[in-house]
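Side chains included, hydrogens not; waters and symmetry mates left out as well; all remaining heavy atoms used.
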2 protein chains.
Amino acid sequence: MATIGDVAKYAGVSRSTVSHALSGKRPISLETRQRISEAIVALQYTANAGAKALATSKTSTLGLIVPYTPAEFAPARMQYVMIVSETARELGFDVLMVTDFDGRAGIKRVTDSSRVDGVILLNVTRHDERIGSVLAAAKPGVLIGLADDNAALDSVDLDFAAAGRSMVRHLAERGHRRVIFVTLPTEMFLQDLGYVWRLHESVIDEAQTAGLALTVVHDAADPKDRMRVLAGALDATPDATALLVHSVGALIDLPVLLSQRRISVPRDLSVVGLFGDEFGAMFALPYTAVEPSPEVVVSRAVHLVAERIEDPSRPVVQELLAPLMVDRGSTREV
Amino acid sequence: MATIGDVAKYAGVSRSTVSHALSGKRPISLETRQRISEAIVALQYTANAGAKALATSKTSTLGLIVPYTPAEFAPARMQYVMIVSETARELGFDVLMVTDFDGRAGIKRVTDSSRVDGVILLNVTRHDERIGSVLAAAKPGVLIGLADDNAALDSVDLDFAAAGRSMVRHLAERGHRRVIFVTLPTEMFLQDLGYVWRLHESVIDEAQTAGLALTVVHDAADPKDRMRVLAGALDATPDATALLVHSVGALIDLPVLLSQRRISVPRDLSVVGLFGDEFGAMFALPYTAVEPSPEVVVSRAVHLVAERIEDPSRPVVQELLAPLMVDRGSTREV
DNA sequence: CTGAAAGCGCTTACAG
DNA sequence: CTGAAAGCGCTTACAG
């Protein structure tokens, strides 16, 4: 690999001139600049990242802390990872994936060794131990999700409370009075993920406000049991006119179950859920849904951490994204 | 952050002694070693990764080149990424995710700047342009998948040809003579992914050998059309006694369609497919299937690139993993 | 507008 | 068993 010294020699200038030509941090005569350009092309020069990081204390790398949460629905995760990576690239960063079983250890490792300029925490829980590690590292960090004690770090998330309310109101406005709420498996509540609770509570709360009778059913954690749980819920509440579904597993099974029972949507039953367009397309889900908009949430998070790397003193922000509802005609007036 | 100099001062030794104590590359007296250990703990010392990389020309980082292939079924991808990351960690490497739209540019970027010691190529195609980039970079690289011209790089993959043959034989042995082969969308064939062709061709080939009449149906690329394609295939070949399914989308839709038509498996129809245990569990797929074993394939790939980083002169290997079939009782004798 | 030199934090011959 | 010094490839005051 050619070094900056090789380029300097080839162009007949000093290394500092090459460096400045590259960074644009001081004026370089046109002629010199051209000679340097030629040298760079001729020698195929690319700056050594390690040397640059050593000299500047900047790595141009973001650590993506992916927690180990087997119970969660894995497929959706890839989308988040891809968006982080793509946004990071647009902002000039590379992404180091940190999937350590112990997220705290992972954060400590990549920050202590100065491998990253900042970290992005995926799947934040309400009492997320990783927040302390980010604070201890004294590096910029952003939470994708809301923690109870997140005053110290920037965070972004979908406004799941608003999402829950809008789903309930959507049904209430159409005259539904008895609704089955298929919420997430209890295992996921135990994982303390903020959005799980926020959506759950807002649905229950808004149902009360709207005078809507809610039958709450936790989806099964084990896919084998899912269908039975779902069927049981329908059996137990025959007078329900609508389903409000948060569980992704239930959403996938629903078409099968409804077809088995010859239940037509929305004629016999209205359905509203929470899932992304891309996900819905993949499984051909024909249901009206609140859109979690990962591209917006995640891209915003990456921008926030990049901004904070630029300016560590910027006030902490907490952003909640207003959810959009996509009407696919799976709900009707009753 | 404490530096090696701080540790040396604290322990009352030279920096080189600390460095050697850390690497174990020369004998250090017990007493000195202890003082150094204490200093490291007291100062919370962790070596600066950039400085280390600069001094040793080793980054302890692997580049994971994730291609941009929207047509492919995304959820499965995350599993591969996670296994790469976990295996890399076990071997002492971090993972840099490279998701550039142009994989070649991504490889050039991370290798030219010496950000990685080697690269792992996901979703290799038969004529993969990225191979040239790895060769040009003169860094170790491993292919997950088989390319036509892969004599120069290590590669690992499931033996998809064997997988195809074993599925056909499984049905042939049970007396099936007319089978519908639901293969991948034509879009995926155009993407030139090696495994797509290898499986396809081996199924057709083995069917001929086994005297099995095959109706080949390409699954729809658009999920909206999937169900119709699948239904059309059943209608067009009413005398088929079995389904051989490669398309993941078709696998997901199959339970719905069969339940709609009151077709019972394996009583009315035998089904064999190609999908992983984890994936099958997530969608509660009750079908006998060849197991793609991503954990084995991917972990092997990471080991191979790590070995080659250690010893660049090792002969190139190409490993094909024999597929396992998991019998879930979805096929019967006819 | 340009260059010589110090420094970032490591490792590793070299010398003892 | 240990240390002083050079070097990895950059950037950036400092000086002109």
Side-chain angles (χ1 to χ4, degrees), chain A residues 1-37 39-40 43-61 92 94 109-117 139, chain B residues 1-37 39-40 43-61 92 94 109-117 139:
Chain A
M1 288 282 89
T3 71
I4 197 169
D6 299 328
V7 173
K9 202 172 294 170
Y10 190 103
V13 297
S14 73
R15 297 189 303 159
S16 64
T17 300
V18 175
S19 179
H20 283 106
L22 246 17
S23 66
K25 283 191 183 167
R26 77 181 182 194
I28 308 284
S29 75
L30 180 66
E31 192 215 4
T32 309
R33 221 183 311 142
Q34 280 176 340
R35 281 216 313 283
I36 292 175
S37 289
I40 287 173
L43 302 174
Q44 296 229 60
Y45 172 72
T46 308
N48 179 293
K52 203 166 189 170
L54 183 57
T56 61
S57 299
K58 284 191 198 315
T59 63
S60 298
T61 305
D94 269 301
R109 182 166 53 81
V110 299
T111 53
D112 282 2
S113 60
S114 295
R115 257 171 231 274
V116 300
D117 295 335
K139 292 252 166 145
Chain B
M1 288 282 87
T3 71
I4 199 170
D6 298 329
V7 174
K9 202 172 295 170
Y10 190 103
V13 296
S14 73
R15 298 188 303 159
S16 63
T17 300
V18 176
S19 179
H20 284 106
L22 246 19
S23 66
K25 283 192 182 166
R26 77 182 183 193
I28 308 282
S29 76
L30 180 65
E31 192 214 5
T32 309
R33 221 183 309 141
Q34 281 176 339
R35 281 217 312 283
I36 292 174
S37 288
I40 287 172
L43 302 174
Q44 296 229 60
Y45 172 71
T46 308
N48 179 294
K52 202 165 190 170
L54 183 57
T56 61
S57 299
K58 284 192 198 313
T59 62
S60 298
T61 305
D94 269 301
R109 182 167 52 79
V110 299
T111 53
D112 282 2
S113 60
S114 295
R115 258 172 229 275
V116 300
D117 295 335
K139 292 251 166 147

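- Within a heavy-atom distance below 4.0 Å of DNA chain D, the residues of residues 18-26 of chain A found are A:S19, A:H20, A:K25, A:R26.
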Which string of ( ) [ ] | and . matches DNA chain C, if you list each base 5' to 3' and count Watson-Crick or G-U pairs only when both distances are under 3.5 Å? |||.||||||||.|||
Trace of the side chain to side chain contact (heavy atoms under 4.5 Å, CB included) decision for A:S19 with A:R15: CA-CA 6 Å; A:S19 179; A:R15 297 189 303 159; over 6 Å; no
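- Screening residues 49-60 of chain B for side chain to side chain donor-acceptor pair (under 3.5 Å), with sequence neighbours left out, gives B:T59-B:D117.
- Shown here for A:R35 and A:G12, the closest heavy-atom pair between the two residues is NH2-O, 4.0 Å.
- In this structure, the separation between CD1 on A:I4 and CG on A:L43 is 12.0 Å, given to the nearest 0.5 Å.
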Let me see the working for B:N48 and B:M1 under side chain to side chain contact (heavy atoms under 4.5 Å, CB included), right down to the final yes or no. CA-CA 9 Å; B:N48 179 294; B:M1 288 282 87; over 6 Å; no
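- Between the NE2 atom in B:H20 and the OG1 atom in B:T32 there is a gap of 13.5 Å [rounded to 0.5 Å].
- A distance of 4.5 Å separates CG of A:L22 from CD1 of A:I40, quoted to the nearest 0.5 Å.
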For A:T61 and A:V110: C-alpha separation, side-chain torsions, deciding distance, then whether side chain to side chain contact (heavy atoms under 4.5 Å, CB included) applies. CA-CA 10 Å; A:T61 305; A:V110 299; over 6 Å; no
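- Comparing the P positions of D:dC14 and D:dC10 gives an interatomic distance of 24 Å, to the nearest angstrom.
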For side chain to side chain contact (heavy atoms under 4.5 Å, CB included), just list the numbers for B:V18 and B:V13, CA-CA rounded to whole Å, side-chain angles, deciding distance to a tenth of an Å, and then say yes or no. CA-CA 7 Å; B:V18 176; B:V13 296; 3.7 Å; yes
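- Close approach of DNA chain D to chain B, defined as any atom under 4.0 Å from a non-hydrogen atom of the protein, starts and stops at D:dC1 to D:dG9.
- Annotation: the span from B:K139 atom NZ to B:D112 atom CG amounts to 8.5 Å, rounded to 0.5 Å.
- Heavy-atom distances under 4.0 Å link DNA chain D to B:L54, B:A55 of residues 53-60 of chain B, given in residue order.
- Minimum interatomic distance between A:Y45 and A:A2 (heavy atoms only, all atoms of both residues): CD1-O, 3.3 Å.
- We find the CD-OG distance between B:E31 and B:S29 to be 5.5 Å, quoted to the nearest 0.5 Å.
- Taking every heavy atom of residues 28-35 of chain A and every atom of DNA chain C, pairs under 4.0 Å involve A:I28, A:S29, A:T32, by number.
- Note: A:Q44 CD to A:D6 CG = 13.0 Å, rounded to the nearest 0.5 Å.
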